[in-house]
Every structure is written in C-alpha cells, then in structure tokens.
S.K.: 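To start, I am sharing the structure in question, which I have written as structure tokens.
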Amino acid sequence: MPDDAIDASSYCFVFPNAGELPPNLTIRCERPPDELDLDAYVQKQRQALETSVENFELVNEISSKHDFWTYVVSITEWGPDESRLRQKQMYVYVPGEKPRLFIMIGNDFAANSAQSDDLFNQVIRSFKPNDIQAF
C-alpha cells in the first residue's frame with residue numbers, strides 16, 4: 001500500500017429483531033483535520049441529514065469531554081409516523097500526533113427505540129478509543 005493510504009474500514013453490526021428493519025450499528029474511524037471543531041463538524045453532518053429527509057427532529061444532543069478526547073452524542077428522528085426512524089450518533093474526537101474521529105451510528109424504528117436504545121447505550125458506554133486504527 002502507498003504510504004499515504006489509510007484504513008477507512010466501516011463495521012456494521014445487525015442485531016436480531018422480528019421486524020422488517022433490524023436495529024443496526026455502524027462504527028468507523030476517520031482521519032480528521034489536525035484541529036477539528038467537533039461541535040461544528042456534527043452540526044454540518046446534522047444539517048446535511050436534515051435537508052435529505054422529511055420530518056426531521058433533533059431529539060437530544062450532548063457534548064462533553066472525557067480524559068483527553070471530546071465527544072458528542074446526538075439523537076435524531078425522521079420520516080412518517082408508521083415508519084419513523086431513530087438514529088443515535090456518537091462522535092469521538094481524539095487529538096494528537098495522529099488525530100482520529102470515531103463515529104458510531106445506531107439505527108432503528110422510533111417505535112422500537114426502548115429496546116434498541118438500551119443496546120446502543122451499552123455499546124457507547126463500553127467504547128474506549130485506542131491506537132489500533134492509528135493511520
């Protein structure tokens with residue numbers, strides 16, 4: 001591989017469900033700019049989503065810092081009532097010599113969110129940035 005190639009792998013986990021759309025969680029790691037304004041980045045991603053879907057709603061969003069990394073957790077919903085989707089996103093920015101941006105996105109129907117939120121929250125609480133994806 002060329003020296004400037006990066007690992008841009010995405011991992012998608014699909015969880016059991018009796019419905020037509022099983023809950024799923026995608027995790028990826030990106031190489032961000034050296035100084036990333038995480039709140040501005042998340043806002044830009046949210047605006048792009050908002051313009052591409054109907055009945056968009058920002059349900060909740062928190063931004064905080066843990067040790068040396070910052071994170072944003074955002075919950076959004078969109079679509080018609082009978083098939084309204086709910087998405088939980090976690091963005092984790094790790095600065096340093098090789099900055100990294102970890103993105104976790106959980107999707108499910110809003111009507112199923114009571115069950116899938118517990119699962120997504122367990123994953124989010126257990127997440128710890130590491131150097132395995134250090135480009």
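As a basis for the values below, the full set of heavy atoms in this structure was taken, side chains included, without hydrogen atoms, waters or symmetry mates.
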S.K.: Name the one of Gln43, Gln45, Glu61 that satisfies side-chain hydrogen bond (donor to acceptor under 3.5 Å, both in side chains) with Ser74?
M.R.: Glu61
S.K.: Where do Arg46 and Phe56 come nearest, in terms of heavy atoms and distance?
M.R.: CG-CZ, 3.5 Å
S.K.: Ile75: which other cluster members, linking ILVMFWY side chains closer than 4.5 Å, directly or transitively?
M.R.: Val59
S.K.: Rounded to the nearest 0.5 Å, what's the gap from SG on Cys12 to CG on Asn24? Could you check?
M.R.: 5.0 Å
S.K.: May I ask you to say whether Arg84 pairs ionically with Glu57, meaning some side-chain N is under 4.0 Å from a carboxylate O?
M.R.: yes
S.K.: Looking only at non-hydrogen atoms, find the nearest pair between Arg31 and Pro99 and report the distance.
M.R.: CD-O, 3.5 Å
S.K.: Would you check if Pro22 and Phe15 make a side-chain contact, meaning some heavy-atom pair closer than 4.5 Å?
M.R.: no
S.K.: Do Asn121 and Leu119 come within less than 4.5 Å of each other through their side chains, counting heavy atoms only?
M.R.: no
S.K.: Check for me, please, whether Ile124 and Phe13 land in the same ILVMFWY cluster - side-chain distances under 4.5 Å, paths through other members count.
M.R.: yes
S.K.: Who passes salt bridge (Lys or Arg N to Asp or Glu O under 4.0 Å) against Glu50, sequence neighbours left out?
M.R.: none
S.K.: Among Lys88, Arg86, Gln115, which residue meets the side chain to side chain contact (heavy atoms under 4.5 Å, CB included) test with Phe120?
M.R.: Lys88
S.K.: Under 30°, 30 to 60°, or over 60°: which ring-plane class applies to Trp69 and Phe127, parallel, tilted or perpendicular?
M.R.: perpendicular
S.K.: Under a 4.5 Å cut-off applied to non-hydrogen side-chain atoms, are Val72 and Asp39 in contact?
M.R.: yes
S.K.: Do you reckon Val92 sits in the same ILVMFWY cluster as Phe68, going by side-chain contacts under 4.5 Å, direct or chained?
M.R.: yes
S.K.: Got a sec, which residues hit side-chain hydrogen bond (donor to acceptor under 3.5 Å, both in side chains) with Tyr41, two or more places apart in sequence or on another chain?
M.R.: Glu30
S.K.: State the OH-SG distance between Tyr11 and Cys29, to the nearest 0.5 angstrom.
M.R.: 9.5 Å
S.K.: How close do Asp108 and Ser116 get, counting heavy atoms only, and between which atoms?
M.R.: OD2-OG, 2.9 Å
S.K.: Any side-chain heavy atom of Met90 within less than 4.5 Å of one from Tyr71?
M.R.: yes
S.K.: Please name all residues satisfying side chain to side chain contact (heavy atoms under 4.5 Å, CB included) with Ile105, sequence neighbours left out, ordered by chain then number.
M.R.: Arg28, Gln87, Gln89, Ile103, Asn107
S.K.: For Asp37, enumerate each residue passing the salt bridge (Lys or Arg N to Asp or Glu O under 4.0 Å) test, keeping only those at least two apart in sequence or located in another chain.
M.R.: none
S.K.: Could you tell me whether the side chain of Tyr91 reaches within less than 4.5 Å of the side chain of Leu38, counting heavy atoms only?
M.R.: yes
S.K.: Report the residues that fulfil side-chain hydrogen bond (donor to acceptor under 3.5 Å, both in side chains) with Thr70, sequence neighbours left out, ordered by chain and then residue number.
M.R.: none
